[in-house]
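Notes follow the structure.
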Number of protein chains: 2
Amino acid sequence: MTDPGTRSSAAELLIRLDRDVATPLRVQLEQALRDQIRAGVLAADAPMPSSRVLAADLGVSRRLVVEAYEQLVAEGYLTSAERSATRVGSVAPTAGTAVGDEPWIPRYDLRPGLPALSEFPRAAWLRALSHALRQAPDSAFARPEPRGSAVLRHAVADYLRRTRAVVAHPDRIVICNGFTQALSLLTHALPGPGGRPVIALENPGTPGRDRTITLAGGNWMPVPVDSEGIRTDQIPGDAHAAVVTPAHQFPLGAVLSPHRRAALRDWARDGRLVVEDDYDAEFRYDRQPLGAVQGLAPEHVAYVGTMSKTLSPALRLGWLVLPCALVEPVARAKRAQDVGSPVLDQLALAHFMDSGAYERHLRRIRKHYHRNRDELVAALQRHLPDARVTGIAAGIHLVLRPSGDVDADRLVAAAAERGLALTSLTRYLLGDDRDAGGRVVLGYGNIRSGTIEPAVRTLAELV
Amino acid sequence: MTDPGTRSSAAELLIRLDRDVATPLRVQLEQALRDQIRAGVLAADAPMPSSRVLAADLGVSRRLVVEAYEQLVAEGYLTSAERSATRVGSVAPTAGTAVGDEPWIPRYDLRPGLPALSEFPRAAWLRALSHALRQAPDSAFARPEPRGSAVLRHAVADYLRRTRAVVAHPDRIVICNGFTQALSLLTHALPGPGGRPVIALENPGTPGRDRTITLAGGNWMPVPVDSEGIRTDQIPGDAHAAVVTPAHQFPLGAVLSPHRRAALRDWARDGRLVVEDDYDAEFRYDRQPLGAVQGLAPEHVAYVGTMSKTLSPALRLGWLVLPCALVEPVARAKRAQDVGSPVLDQLALAHFMDSGAYERHLRRIRKHYHRNRDELVAALQRHLPDARVTGIAAGIHLVLRPSGDVDADRLVAAAAERGLALTSLTRYLLGDDRDAGGRVVLGYGNIRSGTIEPAVRTLAELV
C-alpha cells in the first residue's frame, strides 16, 4: 500500500460536482478527472486519492468513485495494478490549435465562378427534399450505390439528351460530387505508365485541377488557348486525356471552332480521352447553345456536368457521362474514395429535374444573367470605352483588357482596397507562365444589379 | 456544286417534325439529324440535301434549315466548305451499355453493418433541412470550405467532448463523407517513403479499406485480432499508421484491453498515427461506453466518427478530429479531391445535433437495438444452445460459431437459399487468410423484431 499522504485531495484536484444539472455525478467526476489528467494537473504515474478519501471529500458514495476509476482505467487515463494505488496514466498534453480564416466580404463582388447566391430557389429545393424524404423507400437509407441512384441517372440522361445532344444512357452515368471529384475519379480510372496518366489542361484554365490530378497520381501538362479555344495542334501526342471547355472556354470565353472540334475528336479516337467540362452551357445569350462534343464520339469523351453554376456549388452534385469501358473503373474508384454520393440529395435533384422545377429555374436565372451581362457590358463601354471586352457570348463572366500598359495583379490589389473584388487572369495560369497580358476576369453571376454601375465606375477610376 | 441527285430527301432521312409539341421545329430537326448521323443512317462524308430541298420536303422555311445546318456544323455533326455541299461529319457510333445489378431482398436480413432503415427519423431530418434552408445566409450557397461548415464543426466538437471524451476543438475537425473518405484523405496526408505510407489494418476488419488505401497511393498490412482487440505487439514497427476499432472491434466485438490501449498509445507517440474508427460507440448496452483513445494522445490519434451507424450511411456525413499538424494536409487533400462536403446537409446535421434531436433519436434507437440484441441472443440460446456467441456488449452485430465442424461460407450459401441473409467471417479477412473458424457474423440493426425467431429457427435447421 502506498502512503496516502502523497496523494492529492479532491480540493487540490479542483473537482466541483454540480447536483443541479442532469449529468450524472459519476460522469461529471470522470470528465473532471480526464480534464485534469490531460491538462497535466495530475502528472503521469502520480497516485490518485483512494476511493474512500475522494468519496468523503466530494460527499458521494465510495461505489461511485470506484466505478469512475474503473472506467478511466479501462480508457487508459488511470492505471491500476493489484494491491497498489490507482495511478495516473501517461496522457499526452494537447497542442495549440489552428485558427480559421475569416472570409472577406467585398462591397462589389465581380469575382468569377459564382452563380447568384441570393437566387438559390430555396422553397423549390425544400419541396424537392421533402418529396424525396416522403417518397424514398427504406432501402434509400442503406449504403449508396457508387454509380449513383438510378432515378437520378435517368433524370440526368433525359435532361442531357434533350438539351445538350449528349448520348446519355443511365448506365453510362456516374453521379459525383462536382467537377473536381470527376477529374479525380477519371485520373484514377485512366491507364497510364505505372498507373500515372498524363492529362492535358487548358492554360489558362480553372485553378486547382493540377493539384487534383497530382493527388490522384497523375501528371498534367498545360496546353495554350487562343480565340478558337484550345490549341488542339499543341496537345502532346503522349497525353492520355485532355480536359477542355468547348462551349465557352474558361476563363477566356472562346467557343471551340468547328475545325478544332474535329481535330479534338480525331485526337481522342486514337485511343485517348477528351474530358468535356460543360460548366456553363446553360447560359448562352445571343444564339442557341452548341451541342456537346460528347455526342460526336461518345466512346472517346467523358462528359462532365454539375449544378455548381446553375444552382449552387454548395450542393456538390455533378455527373459523368462515360465511354462504356470507363463506367466500371470510375465506379470502382468512387467506391474506394467515398462509397457514393449522399442519396437524399440525389433523390431531391431527380425530382427537381423531373418535375420541371430545374428548367423553370434555368429560364428565370438565364434572364437574370442576361440582364447583368448587358448592364455590365454597357457600363464598361461607358466608363472604359477603350478597353477590350471578350468572352461575352455565354456564361457568367467576361474578360477585360484595359487599354494601355496595366499590371493586372496590381489593378486587382488596388481594387480590393476600394472594396471591389475582381480576379487577375494570372490566377488561371498554370505553371510558370505569369503573363496575363493586363487582363482581368469579371464575373457577373453574383453581383447585385444596382451595384454594377458604381463597381465599374470604381474600376475606371483605378485604370 | 455537287449533284443533287446523290442527296437524300427528308423522307429518306425519316425526319418527322411534330407541330403539336412545345419544342421548336428547328430544335426537333437538329435532334433528328444528330440521331440519324450517330445511328449511321447518314454515313460520314455523305452530302446533305440542300437547304432548299429539305425545307420544301418538310414544309418549313429555308432559313430554319440553314440555321439548323449552321448549328450542326458548329457542333461537328456536319461539315461545310466554301462553294460545296454540306456533308455529314465523322461521328463515332455508340457502343452497347453496361447493365446494372438488381439487389437481392432477403426474407430475413441478418447482414451486419446496417442500422434500422425503417427507423430513420424522416420528419425530424426534414425539419433540420428546412431549418437549414430557411436560416442559411446566402454565402452558404457558395463553394464549401474544405474543412467543413464552422457551425457543424462546433456542434460535433461539443457532442464529442460531452459523450466521447474526445479533445475536440472545432479547429481540429474536418468534415468528410464517411469513414472511407476519412481514410482516403489520411492516406494522402501522411508522409511515407515516396509518398506511400504504410497503414496497418485489423484482420478481420471492415472490407474495402485495403482498396481505399491503395487507391490513395498507400500500402497496407494486416494485423491479427484476438479477444483483447488488435494485437498491438504485432503492429509492424515500420507502419506509419494503424486503423483500429477500440470500442468494439469490427467484426469480432472485443473491447481493446487497458494494456493494449497503453501499448497503442505508446506506439503512436513514437511518431506514428492511430486512426480510431469509433463506428458504433453510441450503442453499448450493459455498461457505460469507453471514452475514445484519442483523449489519451490527441496529437497522435485521428479520431473518425460518422452518422452511418446511428442515422444512415446514405447521408455520407462524418468527421475527423485531427492532430493539429494534420489539419492542413487533410484539408488540402479534401479540397483537391472533392472541394468540400455538401453544405446544406452539414447545416442540417448541425441543427439536428444542437437542437437535441440527435440525442433523442439515439436514446430511442438504442432501446430498439437493445431489444433486438436480447431477442436474438435468446433465440440463439434456444435454438442453437451449443453455439458460441461473442461480441454482444455493444454495436449492432455479434459473432456466432455453431458447434461442430461448420463451413461458414457453405452455411451462408445454404441460408441464402432459404431467404436468410447472413455473412461469413471470411468476408472480413484480409489477404490470403481464408480461415473463418466456422464463424458467421449476424447483424441485428435492420431486422424487424418479429422475424428474429423464425430467422434463427431457419438457421438452426441448417446447422
Side-chain angles (χ1 to χ4, degrees), chain A residues 34 71 73-76 91-92 94-95 97-100 114 117-118 120 122 126 129-130 133 138 140-144 165 167 169 171-172 177-178 180-181 184 188 211-212 215 217 258 261-262 288 290-291 295-299 312-316 324 327 333 336-339 342-343 345, chain B residues 34 71 73-76 91-92 94-95 97-98 100 114 117-118 120 122 126 129-130 133 138 140-144 165 167 169 171-172 177-178 180-181 184 188 211-212 215 217 258 261-262 265 288 290-291 295-299 312-316 324 327 333 336-339 342-343 345:
Chain A
R34 285 193 202 98
Q71 177 79 16
V73 166
E75 293 180 3
V91 175
T94 309
T97 52
V99 177
L114 276 186
L117 303 182
S118 60
F120 184 85
R122 298 187 189 217
L126 181 60
L129 282 166
S130 164
L133 265 164
D138 284 346
F141 296 99
R143 277 164 73 90
V167 176
H169 190 279
D171 287 344
R172 292 177 171 268
N177 195 4
T180 298
Q181 188 178 48
S184 174
H188 283 301
R211 289 190 294 275
T212 297
L215 189 83
R261 280 191 161 229
Q288 195 189 351
L290 286 184
L296 300 173
E299 296 311 324
S312 158
L315 293 180
R316 309 315 303 152
C324 293
V327 172
Q337 189 169 90
D338 74 1
V339 179
V343 176
D345 297 345
Chain B
R34 285 192 203 99
Q71 177 78 17
V73 167
E75 293 180 4
V91 175
T94 308
T97 53
L114 276 186
L117 303 182
S118 61
F120 183 86
R122 297 187 189 218
L126 182 60
L129 282 166
S130 165
L133 266 163
D138 284 346
F141 296 99
R143 278 165 73 92
V167 175
H169 191 278
D171 287 343
R172 293 178 170 267
N177 195 3
T180 297
Q181 187 178 49
S184 174
H188 283 301
R211 288 189 295 277
T212 296
L215 190 83
R261 281 191 158 227
R265 176 203 63 202
Q288 195 190 352
L290 285 185
L296 299 173
E299 296 311 324
S312 158
L315 293 180
R316 308 314 303 149
C324 293
V327 172
Q337 189 169 91
D338 73 0
V339 179
V343 176
D345 298 345

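Computed from a predicted structure; not experimentally measured. In what follows, every heavy atom counts, from backbone to side chain, and hydrogens, waters and symmetry copies are set aside.
Minimum interatomic distance between Pro313(A) and Arg143(B) (heavy atoms only, all atoms of both residues): CG-N, 3.5 Å. Shown here for Ala140(B) and Ala314(A), the closest heavy-atom pair between the two residues is O-CB, 3.1 Å. The two residues Ser312(B) and Phe141(A) have their closest heavy-atom pair at OG-O, 2.7 Å. Of all heavy-atom pairs between Leu296(B) and Arg265(B), the closest is CB-CD, 4.2 Å.
Heavy atoms of Thr180(B) lying under 4.5 Å from chain A belong to its backbone as well as its side chain. Both the backbone and the side chain of Leu290(B) come within contact range of chain A, judged by heavy atoms closer than 4.5 Å. Heavy-atom distances place no part of Ala262(B) under 4.5 Å from chain A, backbone and side chain included. Contacts of Arg122(B) with chain A are made by both backbone and side-chain atoms, with heavy-atom separations under 4.5 Å. The part of Leu114(A) that comes within reach of chain B is its side chain, from C-beta onward, which places non-hydrogen atoms under 4.5 angstrom from that chain. For Arg261(A), the part sitting under 4.5 Å from any heavy atom of chain B is the side chain, from C-beta outward, and nothing else.
Per-residue counts of heavy-atom pairs under 4.5 Å with chain B were compared for Leu215(A), Thr212(A), Asn177(A); the largest is that of Leu215(A). When each of Ser118(A), Pro258(A), Ala142(A) is scored by its heavy-atom pairs under 4.5 Å with chain B, the top score falls to Ala142(A). Of the listed residues (Arg34(A), Glu75(A), His188(A)), the greatest number of heavy-atom pairs within a distance under 4.5 Å of chain B belongs to Glu75(A). For the options Gly178(B), Gly217(B), Gly76(B), heavy-atom pairs under 4.5 Å to chain A are most numerous at Gly76(B).
Every residue meeting the side-chain contact (heavy atoms from CB on, under 4.5 Å) condition with Pro144(A), not counting sequence neighbours, appears here in chain and number order: Val339(A), Val343(A), Arg316(B).
The closest side-chain donor-acceptor pair between Gln337(A) and Asp338(B), if any, does not fall under 3.5 angstrom.
Distance check, rounded to the nearest 0.5 Å: CG of Leu133(A) to CG of Leu126(A) gives 9.5 Å.
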